[in-house]
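Have a look at the structure below, then the notes.
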Amino acid sequence: MKLQLLSLCILAAVSVNAAAEEASAKKPKQKKTWDITSEVGAIITSGNTETTTLKGALKAKHNLKNWRNEYKLDGIYKEDEIENDDGERVSERTNEKYSVSMQGNYKLNEDHSHLFIYGSYDSDYFGAYRSETVVSVGYGLRLLNLDTMYLDAEIGPGVKRFEYQDDSTELDENGNPLAGTTDNEVIGVAKVDFEWQVSDNARFTQLVGVEYGDTNTKTTSESALLTKINGSLQMKVAYNITHNSTVDEGKESTDTETSLTLVYSF
């Protein structure tokens, strides 16, 4: 599984890069309609401790006259070597999650305000919920627009469908177990997106999102610093936080992730 994930990320990067180079060779350079980035990272240790962590992402922005669309696909897989009850050292999956999202932004006043429609699906084998599907609509506004930085904010209503983990200990109002079941609820969504071009070779980004519901409020945050290695290749250091207000007994309400990856832009 881990080799398939890494191979998929590398294949996607190579394929899109080849297509971009072929297209640029056939026609003169012009304003980009598509802005695509691929992100790949891997940490493999051996010896006294054996750990494998693979992380990949593919993001695309499609800029049209009246629409600005965004597509994201990312995943992470982690495997650790542990000692089982028989004293044998075996490899065990300790983290695996994937997500895909799409957002269409209809421009109301150039790039300063827009209406959006958003959809996402998250699959998490070790998270608060086994899977989550969100569909939302709303309004977005650029609150700060400078040469070197911008600040965007979005807010709106939505609907979430979520599935409880198979080992969940939560009970419904009648005392029935919720493990493996699904539920729906109306939520409120909000997002803040900040970017600062610190220098010609360094860029800082901050993204915070909130999904507020009666069952659970999920808050996500990504703080990232990207430094340019060459014209298309960047190094990215990121710190991610995911907080759920309601979790099973024995689970942590806050998950954090620190990553170091290579980002290629097309």
- Message: Cation-pi check for Tyr77 against Arg93: NZ or CZ below 6.0 Å from the six-membered ring centre and within 45 degrees of the axis, yes or no?
- Response: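 Cation-pi check for Arg93 and Tyr77: fails.
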- Please assess Lys55 against Glu257 for the test salt bridge (Lys or Arg N to Asp or Glu O under 4.0 Å), listing each intermediate value before the final yes or no. CA-CA 11 Å; Lys55 181 178 175 65; Glu257 173 194 314; 3.0 Å; yes
With sequence neighbours excluded, tell me which residues meet side-chain hydrogen bond (donor to acceptor under 3.5 Å, both in side chains) with [X].
{"X": "Ser168", "answer": "Asp248"}
{"X": "Thr181", "answer": "none"}
{"X": "Ser232", "answer": "none"}

- Query: Given the rule in the salt bridge (Lys or Arg N to Asp or Glu O under 4.0 Å) test, do Lys236 and Glu39 qualify, once you have shown the distances and angles that lead to the verdict?
  - Reply: CA-CA 9 Å; Lys236 178 181 177 181; Glu39 181 178 336; 3.3 Å; yes
- Flag the pair Tyr106 / Trp67 as yes when their ring centroid distance falls below 6.0 Å, and as no otherwise.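 Between Tyr106 and Trp67, the centre distance is under 6.0 Å.
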Does [X] share a hydrophobic cluster with [Y], counting links as ILVMFWY side-chain heavy atoms below 4.5 Å and allowing steps through other members?
{"X": "Tyr264", "Y": "Met235", "answer": "yes"}
{"X": "Phe266", "Y": "Trp34", "answer": "yes"}
{"X": "Val263", "Y": "Tyr239", "answer": "no"}

- Message: Checking Phe162 now: which residues fulfil ring pair (Phe, Tyr, Trp, His ring centres under 6.0 Å) with it, not counting sequence neighbours?
- Response: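 Expected list: Tyr129, Tyr164.
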- For Phe194, what residues pass the ring pair (Phe, Tyr, Trp, His ring centres under 6.0 Å) criterion, not counting sequence neighbours?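 Scan of Phe194 (ring pair (Phe, Tyr, Trp, His ring centres under 6.0 Å), adjacent residues dropped) gives none.
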Taking atom types as modelled and ignoring hydrogens, do the side chains of [X] and [Y] form a donor-acceptor contact shorter than 3.5 angstrom?
{"X": "Thr227", "Y": "Asn201", "answer": "no"}
{"X": "Asp255", "Y": "Thr242", "answer": "no"}
{"X": "Thr33", "Y": "Asn63", "answer": "no"}
{"X": "Thr148", "Y": "Gln197", "answer": "no"}

- Message: Under the rule for salt bridge (Lys or Arg N to Asp or Glu O under 4.0 Å), what residues qualify as partners of Glu154, not counting sequence neighbours?
- Response: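 With sequence neighbours excluded, Glu154 shows a salt bridge (Lys or Arg N to Asp or Glu O under 4.0 Å) to Lys191, given in chain and number order.
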- Step by step, would you call Glu195 with Arg203 a side-chain contact (heavy atoms from CB on, under 4.5 Å)? CA-CA 7 Å; Glu195 181 174 308; Arg203 177 164 53 97; 3.3 Å; yes
- Message: Between Ile187 and Tyr212, is there a side-chain heavy-atom distance shorter than 4.5 Å?
- Response: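 Of all side-chain heavy-atom pairs linking Ile187 with Tyr212, none is under 4.5 Å.
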- Task: Carefully, step by step, assess Thr254 and His243 under the rule side chain to side chain donor-acceptor pair (under 3.5 Å).
- Result: CA-CA 4 Å; Thr254 302; His243 176 81; 2.8 Å; yes
